[in-house]
*Asks:* 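Okay, handing you the structure first.
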Amino acid sequence: MTDEISVTGIECFAHHGVLDFERRDGQTFVVDLTLGVDTAPAAATDDLHDTVDYGSLVAAVTTAVQQDPVDLIETLAQRIADVCLADGKVEWVRVTVHKPDAPVDATFADVAITITRRAPRD
């Protein structure tokens with residue numbers, strides 16, 4: 001059994017998308033993260049080194065979103081998952097990428113993808 005650490009509503013401005021104007025003008029993406037982490041060691045020691053430093057993780061995720069444009073939010077979500085799983089304390093991650101300004105010819109609230117990935121086992 002693992003515990004969960006969540007950080008939601010991480011806003012990033014980036015230039016992802018299939019259409020030329022998305023790449024040129026950019027738009028806001030919103031990321032939600034849920035990390036599967038055993039928090040018992042940190043609870044016992046009260047030491048940041050025994051858990052995931054979500055401040056540093058959010059900075060790394062923001063950097064990953066803002067670099068190297070991709071066509072699909074599916075690709076972006078995988079990139080974000082890889083960043084999260086690089087921390088050895090993360091057993092699994094659930095990533096949601098919201099694209100609230102997606103070029104959809106209809107009134108809508110949000111376009112989002114959610115993926116769940118597990119850390120590779122040795």
Side-chain angles (χ1 to χ4, degrees):
M1 183 171 90
T2 58
D3 305 313
E4 296 181 6
I5 297 174
S6 295
V7 182
T8 60
I10 305 164
E11 290 190 20
C12 305
F13 190 84
H15 296 266
H16 306 293
V18 174
L19 303 175
D20 289 341
F21 72 87
E22 293 180 290
R23 293 288 185 104
R24 182 187 65 238
D25 301 338
Q27 61 191 293
T28 298
F29 295 83
V30 181
V31 177
D32 300 329
L33 304 173
T34 301
L35 312 170
V37 178
D38 180 0
T39 63
T45 64
D46 198 31
D47 188 335
L48 180 61
H49 292 97
D50 291 329
T51 191
V52 173
D53 178 350
Y54 50 81
S56 295
L57 182 65
V58 168
V61 165
T62 300
T63 297
V65 171
Q66 293 173 336
Q67 68 186 11
D68 301 328
V70 296
D71 288 344
L72 304 177
I73 58 174
E74 291 85 346
T75 305
L76 183 59
Q78 183 63 56
R79 178 188 294 172
I80 294 165
D82 292 342
V83 167
C84 295
L85 292 172
D87 184 317
K89 295 177 193 78
V90 177
E91 298 174 20
W92 57 266
V93 61
R94 186 169 44 253
V95 175
T96 301
V97 176
H98 302 267
K99 189 175 178 179
D101 299 320
V104 175
D105 190 21
T107 301
F108 70 100
D110 193 16
V111 171
I113 180 172
T114 300
I115 66 170
T116 302
R117 300 291 185 265
R118 295 203 166 277
R121 301 196 188 251
D122 294 335

*Asks:* When you measure from the side chain of R79 to the backbone of A64, do you find a donor-acceptor pair of N or O atoms at a distance under 3.5 Å?
*Replies:*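 Yes, the answer is positive, given that a donor and an acceptor are paired below the 3.5 Å cut-off.
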*Asks:* Determine the minimum heavy-atom distance between P103 and E22, stating which atoms define it.
*Replies:*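 Looking at all heavy atoms of both residues, the closest pair is CD-OE2, 3.2 Å.
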*Asks:* Starting from F21, walk the hydrophobic network (Ile, Leu, Val, Met, Phe, Trp, Tyr; side-chain heavy atoms closer than 4.5 Å) and list everyone else you reach, by chain and number.
*Replies:* L19
*Asks:* Return the CZ to CD distance between R118 and E91, rounded to the nearest 0.5 Å.
*Replies:*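 Here the interatomic distance stands at 8.0 Å.
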*Asks:* With side chain to side chain contact (heavy atoms under 4.5 Å, CB included) as the test, would you mind laying out the steps for L57 and D87 before giving the verdict?
*Replies:* CA-CA 9 Å; L57 182 65; D87 184 317; 5.5 Å; no
*Asks:* Which residues pass the side-chain contact (heavy atoms from CB on, under 4.5 Å) test with D71, not counting sequence neighbours?
*Replies:*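 If we apply the side-chain contact (heavy atoms from CB on, under 4.5 Å) test to D71, skipping adjacent residues, the hits are V18, R23.
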*Asks:* To the nearest 0.5 Å, what is the distance between CZ (R94) and CZ (R117)?
*Replies:*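 Between R94 CZ and R117 CZ, I get 12.5 Å after rounding to 0.5 Å.
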*Asks:* Could you measure the distance from the SG atom of C12 to the CG atom of L76? Nearest 0.5 Å is fine.
*Replies:*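 If we round to the nearest 0.5 Å, C12:SG and L76:CG are 8.5 Å apart.
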*Asks:* OG of S6 to CG of L33: how many Å apart, nearest 0.5 Å?
*Replies:*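 Reported value, rounded in 0.5 Å steps: 8.5 Å.
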*Asks:* Heavy-atom distance under 4.5 Å between the side chains of V90 and L85, does that happen here?
*Replies:*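 The answer is yes, as the side chains (C-beta and beyond) meet within the 4.5 Å cut-off.
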*Asks:* Same hydrophobic cluster for L72 and F29, using side-chain heavy-atom links shorter than 4.5 Å among ILVMFWY?
*Replies:* no
*Asks:* Do you know the tightest heavy-atom contact between H16 and V65?
*Replies:* NE2-O, 2.6 Å
*Asks:* For C84 and V61, work out which heavy atoms get closest and say how close.
*Replies:*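 Distance-wise, the nearest heavy atoms are SG-CG2, 4.1 Å.
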*Asks:* Give a yes or no on this: more than 12 heavy atoms of other residues, nucleotides or ligands lie within 6.0 Å of atom CG of D46.
*Replies:* no
*Asks:* Given side chain to side chain contact (heavy atoms under 4.5 Å, CB included), test V30 with I10 step by step and report yes or no.
*Replies:* CA-CA 5 Å; V30 181; I10 305 164; 5.9 Å; no
*Asks:* Can you hop from V58 to W92 via hydrophobic side chains spaced under 4.5 Å?
*Replies:*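 Cluster IDs for V58 and W92 differ.
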*Asks:* Mind running side chain to side chain contact (heavy atoms under 4.5 Å, CB included) on T34 and I5 for me, showing each step along the way?
*Replies:* CA-CA 6 Å; T34 301; I5 297 174; over 6 Å; no
*Asks:* With the side chain counted from C-beta on, respond yes when I113 and T96 share a heavy-atom pair under 4.5 Å apart, and no when they do not.
*Replies:* no
*Asks:* Let me confirm one number: the OG1-NZ distance from T39 to K89, rounded to the nearest 0.5 Å.
*Replies:* 13.0 Å
*Asks:* Under the 3.5 angstrom rule, does the side chain of D32 hit a backbone N or O of G9 as a donor-acceptor pair?
*Replies:* yes
